[in-house]
Amino acid sequence: KRFHYSQTTHRRDKVDTMIDFPLNDFDLREVVSGWEEGKEPIYDCYAVSNHFGGLGGGHYTAYARGDDGSWSNFDDSRVTNSVDESEVVSSAAYLLFYKRKDVVFESSTEIEELITQGLELDKEL
């Protein structure tokens with residue numbers, strides 16, 4: 001939860017507490033039940049959306065990991081490649097995107113189909 005509501009002041013504030021999160025080998029085997037051999041719930045982070053500012057406004061940036069494992073920073077029209085991995089984990093992290101280690105996307109079409117399926121499912125909820 002990245003926002004706090006105060007019962008006393010009736011204000012909502014953004015929480016900027018630093019949360020350390022793994023970029024590699026996020027192992028959930030102890031908390032996920034019913035997984036199959038070869039499909040262990042172990043994940044690698046492939047993108048992070050950041051928010052700078054408060055509830056009334058701010059600025060979004062993103063980090064994304066390329067197929068070669070290197071990180072890039074996306075800030076409006078500026079892209080910085082080969083960003084040091086230590087910059088990716090920060091208190092500005094807002095959304096984290098993980099992919100199970102055994103999942104391999106063969107093409108951008110396959111990714112687009114998964115996104116479309118997810119959007120359709122979201123509409124049903």
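Bear in mind that the values here come from a model prediction, so they are computed numbers and not experimental data.
For the residue pair Thr61 / Asn50, a side-chain donor-acceptor distance below 3.5 Å is found, with atom types taken as modelled.
Here side chain to side chain donor-acceptor pair (under 3.5 Å) pairs that include residues 21-37, with residues two or more places apart or in two chains, are Asn24-Arg65, Asp25-Lys101, Asp27-Arg29. Judged as a ring-ring contact (aromatic ring centres under 6.0 Å, His included), the pairs with a partner in residues 59-86 (not counting sequence neighbours) are, in order, His51-Tyr60.
Val79 and Phe52 end up in different hydrophobic clusters when Ile, Leu, Val, Met, Phe, Trp and Tyr side chains are linked at under 4.5 Å. Both Tyr43 and Val31 sit in one connected hydrophobic cluster of ILVMFWY residues. Membership requires side-chain heavy atoms under 4.5 Å apart, directly or through other members.
Residues passing the side chain to side chain contact (heavy atoms under 4.5 Å, CB included) test with Asp20, sequence neighbours excluded: Val89.
Atom NZ of Lys99 is surrounded by more than 12 heavy atoms from other residues, nucleotides or ligands within 6.0 Å.
Annotation: side chain of Tyr98 is in contact with side chain of Pro22 (closest heavy-atom distance under 4.5 Å). Residues Glu85 and Leu23 have side chains in contact (heavy-atom distance under 4.5 Å, counting atoms from C-beta outward).
Nearest heavy-atom pair, Phe21 versus Ala93, reported as atom, atom and distance to 0.1 Å: CE2-CB, 3.6 Å. Shortest non-hydrogen contact noted between Ser82 and Ser72 is N-OG, 4.5 Å.
A salt bridge links Arg100 and Asp102; the closest N-O separation between the charged side-chain nitrogens and carboxylate oxygens is under 4.0 Å.
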